[in-house]
Colleague: 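The structure that follows is given in the form of structure tokens.
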Amino acid sequence: MGDAEAPATPDAPEAPTSIARVTIDSPLPQLDRLFDYAVPAALAKGLVPGVRVRVPFGGRTVSGYVVELVTPGDSEFGGRLAELERVVSLAPVLPPDLWRLARQLADRAAGSAGDVLRVAIPPRQARVENRWLAAERGVPETVDAPALTGYPDGTLERLARGERLAVSAIPRTVRLPGGAEVGHWAITLAELAAATIAAGRSAVLLVPDFRDQAQLEAAVAVLLPPASIALLDARRPDAERYAAYLRCLEPAPVVAIGNRSAVYAPVTEPGLIAIWDDGDPLYAEPLAPYVHARDAALVRQENEGSSLVLLGNTRSVEAQRLVEIGWLDSVEPPRSGRPKVVPTARQSDDEPAARAARIPSTAWRTARDALAKGPVLLQVASPGYAPWLACASCGQAAHCARCHGPLGIPRAGAAPSCRVCGALATDWHCDNCGGTRMRSGAVGSARTAEELGRAFPGVRIIIADGDHTVLQVPATPALVIATRGAEPIAVGGYRAVVLLDGERMLSRESLRVGEDCLRWWSNAAALATPGAPVLLAGASGPVADALGSWRQAAWAKAELDDRRELRFPPAVRVASVTGTPVGVAAAMTAIEDLSGVDVLGPVPTGDEQVRAIVRLDYAAGAAAAGELRAAVIAAATRRRKGPAAARGRSTPTLRVRFDDPEIL
DNA sequence: AGCACGCCGACT
DNA sequence: GTCGGCGTGCTC
């Protein structure tokens, strides 16, 4: 073959693909599209989609990623192309599958793909990257496929076929060979991941926070070598996180473990995407375009053909919806292992010590008896001593004179102070009745600990809350007082679990109180030794019943039915649209004719802006997102009219937030 | 966002 | 007759 005549054999190492389509790193919605650049010969070597580049743009140089390489004839741009200025590195940190996912998720959320990428790709660490590019890669160790403990035969095979499952966790803890105690859920995910690796594919495992991350890391480390594990959680130093991200890009199969943003871990050919406790609010991304990790996982699973597992002690209402439409299949372990929940009415108590500690006498007796055998968990609603204070004469909540935040007492003997701004409440008087004395409105973990210390003299007391991180307690007798979500694991499990403050947790005003409480209680109950009593003090009603019967999925079904009735999420999608009255009105005009869409508001937000809530049937979501996106771009480009003085201030533009967890 | 282009008032 | 205001539109 004459080389000079036909240089472009299909797999020629340097095929002359000389146009790079680049996504620009910019927050501007109108720039959320691809721009074509000529690739100068000097930069063509090794250039692949996904690499970071610097390009000239509007008179300056900006950074971006090469999304694809095309031949000159395929450029749709009519003008004169500029050239790539620099290839930052040859590491393909934005592989095509990730770009596709970011684009789809952004479109779905009326946001920018670049914003998704900012969440997905950790900040570059040049030294780490250079070391990675220069590294030699060995042959990966093979691992044996483990069995899946505690679930029906054939479950692994279903996942190998790429099925999507909502799996109920086995509600107990297990001691690992290394001595660490973990929730059985962590074993389940580790086994699923190891089976995936054994089959030569990668797995992505998501946890809400660092305490679950620690358990999962320990469980996975038992089954897999370190070279097969990439730890992507946010608490890790930037360098380690970036190294783990790069590890995912290697062809050898890997288990990526991390919090919500790890759903984007760029593993090639994921065989499994799994989420532990997908109802945890930490899976909701606070950065634009606010893509929930569960939604990202669902789209990614469909794109890349992996299996999907949502594992939890409770079933989120969103997962229940997916089960009901047939998107997920439900998998249950045997019911024999469920916790022994004892609902307990709050009543007047004959035990003076119990009365002093404000716990029902049955709970007090249970705790006392269990303490002879080992640790006892008491779950409380709030940290601190007195989490909120009220006026002693009229009972109204006491507020900070400076910022109107709630007042509380952080520690025994401390002065009342604002929980928001920290200011000491000196010369306080009630806004309502003018009273000058405060009383405690609720009991926090520190106060509970103090009272229990008196009720159980000589017993070791351990406080675990946001300020006192405790991951594990030994199997020896101790009273562990933890705020919900901060419960340590007990070696061998707790000999009793007492859920205090249930009534107060349930009385919070929120669409999600029910599912939150059921999740907090169920997750605490799952820390008990099998057969040990779990007491729910005081609370009653459907949520308490669901805990007692350990039928969380049935509760989620009933809750979803209610939401359908009310047309609340997740029965429908919602989006909040905030901006100037004119901008919001234009956006509403753009979507009002779509079927399956209704608008609440707009209402003023207090800063010359208004906010409307849009409710959408799922079928209308894509069209509505497209229209709202167009409205955002229109508002962003037309924004600069009006007097110059008005432009000087920070520009109030139109903002759209889909699936906003704060609304309704 | 920057920056360039483009059409109407007070100046050497 | 020009210098320069900032409204409008583009950025490969």
Side-chain angles (χ1 to χ4, degrees), chain A residues 15-45 47-90 92-94 96 99-100 102-103 106-107 109-119 121 123 287-289 578-580 582-583 586-587 590 609 628-657:
Chain A
T17 50
S18 52
I19 306 295
R21 315 204 71 202
V22 173
T23 176
I24 301 294
D25 182 21
S26 161
L28 300 175
Q30 61 271 45
L31 302 185
D32 179 31
R33 55 195 183 85
L34 299 181
F35 293 89
D36 292 355
Y37 288 87
V39 179
L43 299 184
K45 185 154 183 281
L47 190 67
V48 290
V51 305
R52 251 183 261 265
V53 289
R54 302 277 299 172
V55 293
F57 190 81
R60 274 161 315 135
T61 302
V62 300
S63 46
Y65 300 95
V66 173
V67 165
E68 56 178 337
L69 291 165
V70 298
T71 52
D74 287 335
S75 175
E76 286 163 20
F77 184 60
R80 184 189 187 83
L81 293 179
E83 290 190 336
L84 294 185
E85 189 172 294
R86 187 161 75 86
V87 174
V88 176
S89 97
L90 291 176
V93 292
L94 175 56
W99 168 253
R100 179 171 173 229
R103 180 73 273 159
D107 290 345
S112 293
D115 285 340
V116 179
L117 297 181
R118 246 190 297 282
V119 172
I121 305 176
L287 298 176
T578 314
T580 58
V582 175
Q609 299 212 334
L628 291 173
R629 179 64 174 170
V632 167
I633 292 173
T637 53
R638 222 177 292 132
R639 159 182 40 82
R640 277 178 278 184
K641 63 180 168 212
R647 273 184 285 127
R649 309 193 295 242
S650 67
T651 20
T653 67
L654 190 64
R655 297 192 308 278
V656 174
R657 177 163 186 177

Colleague: Hey, could you give me each pair passing ring pair (Phe, Tyr, Trp, His ring centres under 6.0 Å) that has a residue in residues 59-83 of chain A? Not counting sequence neighbours.
Modeller: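 The answer is none; no pair qualifies.
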Colleague: Within this structure, what is the CD-to-P distance between A/Glu85 and C/dC12, rounded to whole angstrom?
Modeller: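 Interatomic distance, CD of A/Glu85 to P of C/dC12: 12 Å.
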Colleague: Nearest to the side chain of A/Gln30, heavy atoms from C-beta on, is which of B/dG2, C/dC12, C/dT11?
Modeller: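 Selected nucleotide (nearest to the side chain): C/dT11.
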Colleague: Starting from P on B/dA4, measure out to CZ on A/Arg60 and report it in whole angstrom.
Modeller: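 In whole Å, B/dA4 P lies 11 Å from A/Arg60 CZ.
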Colleague: Whole angstrom is fine here: how far is it from CG in A/Leu69 over to P in C/dC12?
Modeller: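 Result: 19 Å.
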Colleague: Using a 5.5 Å cut-off between ring centres and planes within 30 degrees, is A/Phe35 stacked on the base of C/dC12?
Modeller: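 No; centroid distance or tilt outside limits.
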Colleague: Across the strands shown, which category fits A/Pro56 at heavy-atom distances under 4.0 angstrom: base, sugar-phosphate, nothing?
Modeller: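 Sugar-phosphate: the residue A/Pro56, judged by heavy atoms under 4.0 Å, touches backbone atoms but no base.
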Colleague: C/dT11 P sits how many Å from A/Asp25 CG, rounded?
Modeller: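 To the nearest whole Å, that distance equals 19 Å.
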Colleague: In whole Å, what is the span from the CG atom of A/Leu28 to the C1' atom of C/dT11?
Modeller: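 Those two atoms, CG and C1', are 11 Å apart.
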Colleague: For A/Ser112 and A/Arg629, does a side-chain donor sit closer than 3.5 Å to a side-chain acceptor?
Modeller: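 Yes, side-chain donor-acceptor contact under 3.5 Å.
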Colleague: Atom CZ of A/Arg103 and atom CG of A/Leu34: how far apart are they, to the nearest 0.5 Å?
Modeller: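 The CZ atom of A/Arg103 sits 8.0 Å away from the CG atom of A/Leu34.
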Colleague: Would you kindly give the OH-to-C1' distance between A/Tyr37 and C/dC12, to the nearest whole Å?
Modeller: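 Roughly 5 Å, once rounded to whole Å.
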Colleague: Before accepting this row, confirm whether a basic side-chain N of the pair A/Arg21/A/Glu68 lies closer than 4.0 Å to the acidic partner's carboxylate O.
Modeller: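 Judged by the 4.0 Å cut-off on N to carboxylate O distance, A/Arg21 and A/Glu68 do form a salt bridge.
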Colleague: What's A/Leu31 touching, base or sugar-phosphate or nothing? Going by heavy atoms closer than 4.0 Å.
Modeller: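 The residue A/Leu31 makes base contact.
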Colleague: May I have the distance from A/Phe57 (atom CZ) to C/dC10 (atom C1'), rounded to whole angstrom?
Modeller: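 Atom-to-atom, A/Phe57 to C/dC10, this comes out as 8 Å.
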